[in-house]
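Fair warning: this is a prediction, and the values are worked out from it, not measured in the lab. Values below: all heavy atoms of this structure, side chains included; hydrogens, waters and symmetry mates excluded.
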Amino acid sequence: MKLNIIVLAKQVPDTRNVGGDAMNADGTINRAALPAIFNPEDLNALEQALRLKEEHPGSRITVLTMGPQRAADILREALYRGADEAVLLSDRAFAGADTLATSYALAAAIKKIGSCDIVLCGRQAIDGDTAQVGPQVAQQLGIPQVTYARRIVSLQDGHITVERGIENGVETVKAPLPLLLTVDGAAAECRPQNVYRMLRFHRAATPTEQAAEGFRYSAQVAADEALTIKEWTLADVGGDALRCGLSGSPTKVRKVENIVFQAKESKRYTASDEDIKSLVGELLSNHTIG
Amino acid sequence: MNNILVYCELDAARVAEVSLELLSKGRELANRLGVKLEAVALGGDLSSVESQVYPYGVDTLHLFEDERLSPYTTQPHTSVLCKLIEEEQPQIFLIGATVVGRDLAPRVSSTLGSGLTADCTALEIGDYEDKKNGTKIENLLYSIRPAFGGNIVATIVNPHHRPQMSTVREGVMPLVKCQPDTYVGNTVKHNVEDYVTAADFAVSIIERHVQKAENNLKGAAVVVAGGYGMGSKENFDMLHTLAHLLHGEVGATRAAIDAGYTTHDRQIGQTGITVRPKVYIACGISGQVQHISGMQESSIIISVNSDHDAPINAIADYVVTGRVEEVIPKFINFYQQKQ
């Protein structure tokens, strides 16, 4: 069975490695200090797509992201890792979207891609940690969802069997296609970028990038259709502007505060024998431990 | 109408602790708004739900009893809740931010087209000024949550859509019983057939393994936690020796887990477990906000770190500056001697 697989991906600031320079003095985030990366769990989702393709030759993997032009970087990365096609959904009308408006736009783009058997995405993105977009896309496409997926056990006769994480355990579920799977970080890691694919696809670019001054691969792009990353606007996917971006977002951010922890007076010790001995003595005598 | 509704998650016949925490908070918010607190439970055996939830001050309990509703699957629970919400028109709908809640809440919110805020750590009632058209909306739900890897706290509101939906993290709201065990509210038993269709049962559970949690991190009096600074899995394993000696549990930061030092179920922090032990020993943990937000309420904090200026030291009661692989064996040694 040839499958049409869509992988949803997001470019995120690497919030896992927030260093001292990541926060400005006024408490706002210094985005420039944080590298923009492929959301980690979306890579786990891509790996599941690549495995499905290996087991079902002739399948096609399309990676879709919504974001500004620079998000094309993760689409190229997806191509290096084995995706067949990439789509950038980019429009000012999408700016300021909450999860509901985001899922509306993504669902509209998926409908434009056409028939699909499986939509895969990460369980959540590390900048928002909401885990909402996957289920909301599934609902808007009218297909079932299986969240927290760890492993695809089998796919046959129009049904998929998936192992998923639950509180303190695992569950195996069977569901009809088409469906949406959100994949969590406990699933297999994504395979590395393939050097031969990098040699070819580092020239892949969106029409906007191709039109920019200094683009060096015009000849190659003209000769190889696969090097054009599709770029869709709201009008291309036929969406309703009122359901996108800020106007399509029921939730509003009222206030954002930097977190400040109350500093305490602390007792200081070195690693010397005497110091550790006296620390243990104090903790025992004041019944902190023991 | 316009009441507060809480989804009661069930583990077999037992109502999840996070749901009872939400009922406690829901009661407080309902009193503040002068409305009723309603609860909804779906499952195969609901015979003991009334006695579990009424002490928390529930006014109306909606029961949907059907074998097919347990264990949880997405679509039938979504269908029941969406129809119930249409009938009852609650202004606020709260769900625990568990695996079930985080699967269910976005599906429901998307069906209803209402706003949803994930993983809240605080809920308040307040006003909102819509700067666009200069109107002021009173008594909105403030859904307060950490964002951006826990580095900021955002207050989210839903000015124009109802219900205002939030999922709330486990362990952040205190349990408050406000009624005697004999108190009984108004129980409404619904006919499940009126709320679901056969198509809702397209996804089936083939197999289910639930183990007793391998650790008791949430309830441990002593937590020994390791970060990326532990340097290796071998070093990290020393923490188990120390925790065992102190009758405690081992926890970890997300970075330590990403590095493969220990398992996901031990993660403490914004996207892991929130702990409040008597003693928290932080080993090789620099102290990113993501982690600190999950342990800052520990009574005594001891930090062992080679960096004298590690951010976690600011909130520690005792700071040992030194290499973990040197300090921890010494600590274990002197502890055994003195005992």
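For B:Ser299, the part lying near chain A is the backbone, with the side chain staying farther off; criterion is any non-hydrogen pair under 4.5 Å. Residue B:Tyr128 touches chain A through its side chain alone, counting heavy-atom pairs closer than 4.5 Å. In this structure, chain A has no heavy atom under 4.5 Å from any part of B:Gln336. In this structure, the portion of B:Tyr142 lying under 4.5 Å from any heavy atom of chain A is its side chain and not its backbone. Heavy-atom distances place the side chain of B:His161, and not its backbone, under 4.5 Å from chain A. Heavy-atom distances place both the backbone and the side chain of B:Asn158 under 4.5 Å from chain A.
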Please determine whether side chain to side chain contact (heavy atoms under 4.5 Å, CB included) holds for the pair A:Thr99 and B:Leu116, giving the CA-CA distance in whole Å, both sets of side-chain angles, and the decisive distance to 0.1 Å. CA-CA 8 Å; A:Thr99 63; B:Leu116 170 63; 5.5 Å; no
Yes or no on side chain to side chain contact (heavy atoms under 4.5 Å, CB included) for A:Thr251 and B:Thr117, after CA distance, side-chain angles and deciding distance? CA-CA 8 Å; A:Thr251 62; B:Thr117 309; 4.3 Å; yes
Chi angles and distances behind the side chain to side chain contact (heavy atoms under 4.5 Å, CB included) call for B:Val153, A:Val256: CA-CA 6 Å; B:Val153 175; A:Val256 171; over 6 Å; no
Go through the steps to decide whether B:Arg107 and A:Gln136 satisfy the test side chain to side chain donor-acceptor pair (under 3.5 Å), and finish with yes or no. CA-CA 5 Å; B:Arg107 188 98 192 179; A:Gln136 289 178 331; over 6 Å; no
Would you check, one step at a time, whether the test side chain to side chain contact (heavy atoms under 4.5 Å, CB included) holds for A:Arg123 with B:Arg102? CA-CA 10 Å; A:Arg123 175 191 52 144; B:Arg102 298 173 100 229; 4.1 Å; yes
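The environment of CD in B:Glu17 is sparse: at most 12 heavy-atom neighbours from other residues, nucleotides or ligands sit within 6.0 Å. The environment of CZ in A:Arg70 is sparse: at most 12 heavy-atom neighbours from other residues, nucleotides or ligands sit within 6.0 Å. Atom CD of A:Glu189 has 12 or fewer heavy atoms from other residues, nucleotides or ligands within 6.0 Å.
Options B:Arg145, B:His160, B:Glu326 differ in how many heavy-atom pairs under 4.5 Å they form with chain A, and the most are formed by B:Arg145. Interface remark: of the candidates B:Gly115, B:Ala105, B:Gly322, B:Gly115 forms the most heavy-atom pairs closer than 4.5 Å to chain A. For the set B:Ala97, B:Ala154, B:Ser286, B:Ser143, the count of heavy-atom pairs under 4.5 angstrom toward chain A peaks at B:Ala154.
For B:Tyr72, the ring pair (Phe, Tyr, Trp, His ring centres under 6.0 Å) partners at least two apart in sequence or on another chain are B:His77. For A:Glu47, the salt bridge (charged side-chain N to carboxylate O under 4.0 Å, His left out) partners are A:Arg51, A:Arg191, not counting sequence neighbours.
At least one donor-acceptor pair closer than 3.5 Å links the side chain of A:Gln145 to the backbone N or O of B:Asp103. Side chain of A:Glu167 to backbone of B:Val99: a donor-acceptor contact under 3.5 angstrom is found. Counting only distance, with no hydrogens or angles, the side chain of A:Arg268 and the backbone of B:Thr321 share no donor-acceptor pair below 3.5 Å.
Within residues 300-307 of chain B, the residues having any heavy atom less than 4.5 Å from a heavy atom of chain A are, in residue-number order, B:Ile300, B:Ile301, B:Ile302. Listed by sequence position, the residues of residues 101-109 of chain A in contact with chain B number zero, using a 4.5 angstrom heavy-atom cutoff.
With salt bridges taken as basic N to acidic carboxylate O contacts below 4.0 Å, one links A:Asp273 and B:Lys330.
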